[in-house]
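Indexing begins at 1, ligand by ligand and atom by atom, following the structure's order.
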Amino acid sequence: MNPVADKPELAEPHIGGWLASLGLGVEYTRSAGNSLYYRDAEGAEVEVLDLVGGYGSTILGHNNPDIVDYAKSLLDGGTPVHAQFSKHPYANDLAWKLNTILHREFGVTEHYSAVFANSGAEANEVAIKHAEMDRVLKIGAALAAVEANLDAVAATGAAIGATAPLPAAAGGIDELVAAVRAANAERAATPPVYLAPEGSFHGKLAASVQLTHNPGYRTPFSAMAAQARFVPLERTDVIAKTIEAERKTLLDLAVDGGVVHVVERPIPAVSAFILEPIQGEAGIRVLDRDAVARLRDLLDAEDIPVIVDEVQSGMGRSGAFFASSHLGVRGDYITLAKSLGGGIAKAAITLIRASRYRDDFELVHSSTYAKDSFSTQIAIRVVELLEADGGEAYRLATRQGEKLLAALRSLRDEFSDVVKEVRGKGLMAGLEFHDLTGSGSEVISEQAAGGLIGYLFSGYLLREHNLRVFPTASATNTLRFEPSIHITDEEIARTATGLRALIEVVRAEDGKTLLG
Ligand code: PMP
């Protein structure tokens with residue numbers, strides 16, 4: 001019996017009402033494998049095929065029996081879940097397992113240190129903070145070098161020459177040194193900038209939301225933290241110009257021909273470039289390999305680190321553990337979350353390459369819950385399951401992903417007037433509809449104009465076909481498909497059948513059927 005059934009909704013009440021209006025306000029009472037179950041009005045259990053896959057967090061399926069048994073054994077064995085500031089050998093074990101995979105997939109030997117977190121956004125915030133700490137420490141070192149030089153130059157007693165960009169120093173060298181110091185204090189405190197491809201999604205916390213392109217999520221909070229410049233990934237020239245526009249310098253003094261001049265010394269202004277190898281919320285878009293290679297060359301030349309956000313694309317979904325390994329781009333930072341917790345725990349991790357790692361970060365960043373024995377050991381088991389049998393999980397993701405994509409592509413070929421494009425890699429697939437704002441159905445055109453059409457489709461698919469499908473968050477005319485590696489051929493066929501019916505309803509401009 002539900003003790004609060006007759007009480008008004010207080011738990012995020014708005015979203016509940018909205019979901020109910022679209023027929024999506026279903027209470028699931030059980031889940032297993034690729035299925036979620038609810039009870040109908042008569043109390044009978046109804047199975048729903050879950051193609052949302054916990055928004056990418058159930059690569060091994062819901063309540064994977066191996067993970068559930070292991071979770072039980074951890075709790076039965078009294079695992080010390082919260083034992084902060086003590087030795088955590090399992091955390092090191094997980095870090096090594098991830099390093100071993102990283103070395104294999106990228107053909108490198110460099111180690112990555114691991115910082116633990118609780119969610120995807122938080123793992124990205126770790127990377128963002130670390131990159132900023134690195135930038136600030138570099139600026140600090142540049143300031144210290146300038147400081148030492150200022151005293152040395154002042155001691156020469158040389159005459160003052162050109163002082164631009166500072167005004168002329170009528171009061172002599174002491175006034176000039178003071179003006180340089182004041183200008184540098186301001187320049188060193190300039191907030192950092194982050195770069196990200198258009199469409200990026202990196203979370204909704206105060207710093208990560210600035211790197212999430214969707215203005216609806218981002219703009220109410222843009223005063224809260226450092227800003228991103230969103231760039232077209234394929235336009236290396238535009239990215240180079242954007243970096244150029246952000247250049248920052250410190251002022252220094254130099255003696256040249258016996259005269260003191262003001263000179264400028266570059267300091268880092270761009271903290272990091274963040275990207276998803278396969279953009280999830282932008283509509284499932286696999287980044288272009290050549291564009292990424294050009295970008296990496298440019299960023300290396302500028303010494304700008306790359307944060308590769310594998311929160312959604314990682315953990316085997318693409319057919320490799322790291323989707324970025326398909327693109328040949330190795331992050332300076334790599335973030336993992338979602339499926340790392342095996343659909344049971346909340347786990348996230350930020351891998352930071354040794355050549356950029358700042359030990360002091362560990363003294364200034366932590367979370368009560370991160371690196372707890374329960375989630376960390378579950379994550380180890382997830383990685384072991386993915387790696388088992390020589391990587392059978394990755395082969396399954398590739399094989400079933402190809403079948404799923406083939407089924408979606410055949411729908412696109414048959415209904416090219418309704419379906420615009422099918423994209424994806426492995427078990428991360430998207431089906432985009434054409435713009436439906438001109439539909440003869442008022443329901444369809446209005447929902448399309450309001451950016452909610454994908455949710456209307458979701459309501460229909462759930463109600464009529466027992467399929468759980470959702471649009472991507474920032475491109476709502478694209479439906480996402482991220483089932484577990486255990487999706488069967490029959491389940492793929494069932495998905496295609498439901499989608500075909502949906503597409504026919506859309507083609508017939510039958511808004512009434514969509515609404516139900
Ligand atoms: N990065 C990416 C690429 C994501 O897809 C998401 C979530 N959709 C996040 C970060 C944020 O993860 P979380 O919801 O766990 O904070």
Side-chain angles (χ1 to χ4, degrees), residues 12 15 51-59 115-129 131 194 196-214 216-218 221 225 228 230 233 272-287 292 306-318 321-324 327 329 331 333-351 367 369-370 375 378-379 382 423-430 454 469-476 478-482:
E12 299 180 15
I15 203 94
L51 296 148
V52 180
Y55 278 84
S57 60
T58 55
I59 186 80
V115 177
F116 294 75
N118 304 285
S119 70
E122 194 186 323
N124 285 334
E125 301 243 348
V126 166
I128 293 165
K129 271 182 75 179
Y194 294 84
E198 288 163 348
S200 283
F201 186 100
H202 300 292
K204 293 178 180 167
L205 295 182
S208 50
V209 78
Q210 314 300 340
L211 315 181
T212 290
H213 194 186
N214 187 328
Y217 298 138
R218 174 170 46 88
F221 309 103
F230 295 97
L233 185 81
F273 193 111
I274 187 165
L275 59 82
E276 301 155 80
I278 306 172
Q279 292 190 319
E281 306 306 336
I284 317 289
R285 295 176 185 277
V286 184
L287 296 193
V292 170
V306 179
I307 301 169
V308 172
D309 176 348
E310 292 262 18
V311 166
Q312 193 166 157
S313 60
M315 305 296 302
R317 184 164 292 288
S318 71
F321 188 90
F322 295 103
S324 47
L327 297 179
V329 62
Y333 301 82
I334 306 173
T335 57
L336 294 166
K338 293 203 190 249
S339 282
L340 184 64
I344 300 283
K346 296 176 187 176
I349 210 161
T350 306
L351 297 170
S367 158
Y369 300 114
S375 71
I378 296 277
V382 172
R423 297 178 291 265
K425 187 156 184 67
L427 288 168
M428 196 167 169
V469 178
F470 275 140
T472 54
S474 303
T476 50
T478 296
L479 297 180
R480 69 197 308 145
F481 303 87
E482 299 186 26

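The single protein non-hydrogen atom nearest to atom 13 (P) of ligand 1 is Gly120 N, 3.5 Å, given as residue, atom name and distance. For atom 5 (O) of ligand 1, the closest non-hydrogen atom on the protein side is Gln312 NE2, 2.6 Å. Ranking protein heavy atoms by distance to atom 1 (N) of ligand 1, first place goes to Asp309 OD2, 2.7 Å.
Listed here is the closest heavy atom pair of Gly199 and Gln279: C-NE2, 3.9 Å. Shown here for Gly454 and Leu479, the closest heavy-atom pair between the two residues is O-CD2, 3.9 Å.
Contact annotation: for Phe201 versus ligand 1, heavy atoms closer than 4.0 Å belong to both the backbone and the side chain. At a heavy-atom cutoff of 4.0 Å, ligand 1 is contacted by the side chain of Lys338 but not by its backbone. Counting heavy atoms closer than 4.0 Å to ligand 1, residue Glu281 contributes side-chain atoms (C-beta onward) but none from N, CA, C or O. Under 4.0 Å from ligand 1, the heavy atoms of His202 that appear belong solely to its backbone. Of the heavy atoms in Ala337, none comes closer than 4.0 Å to ligand 1. At a 4.0 Å heavy-atom cut-off, ligand 1 does not touch Thr335 at all.
Residues Ser200 and Glu276 meet the side-chain proximity criterion, which asks for heavy atoms closer than 4.5 Å. With a 4.5 Å cut-off on side-chain heavy atoms, Thr478 and Pro471 do not count as touching. Residues Ser339 and Val382 form no side-chain contact, since every pair of their non-hydrogen atoms from C-beta on lies 4.5 Å or further apart.
Of the listed residues (Ser208, Ala121, Gly56, Ala117), the one carrying the non-hydrogen atom nearest atom 16 (O) of ligand 1 is Ala121.
Within a 6.0 Å sphere centred on OH of Tyr369, other residues, nucleotides and ligands contribute 12 heavy atoms or fewer.
In this model, a donor atom of one side chain and an acceptor atom of the other lie less than 3.5 Å apart for Arg480 and Gln312.
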Stepwise side chain to side chain donor-acceptor pair (under 3.5 Å) test for Glu281 and Ser474: CA-CA 5 Å; Glu281 306 306 336; Ser474 303; 6.0 Å; no

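Residue contacts with ligand 1: Lys204 is excluded, as none of its non-hydrogen atoms falls under 4.0 Å.
Residue contact check: Glu276 has heavy atoms under 4.0 Å from atoms 3 (C) of ligand 1. Those atoms of ligand 1 with a heavy atom of Ser119 less than 4.0 angstrom away are 15 (O), 16 (O). Remark: ligand 1 atoms within the under-4.0 Å shell around heavy atoms of Asn124 are 1 (N), 10 (C).
Just one residue in the list Thr212, Asp309, Thr335 forms a side chain to side chain donor-acceptor pair (under 3.5 Å) with His202, and that residue is Asp309.
Note on ring orientation: taking the six-membered ring where Trp is involved, the planes of Tyr217 and Phe201 are perpendicular (angle over 60°, cut-offs 30° and 60°).
Residue Glu122 has no nitrogen or oxygen atom sitting less than 3.5 Å from a nitrogen or oxygen atom of ligand 1, judged on distance alone.
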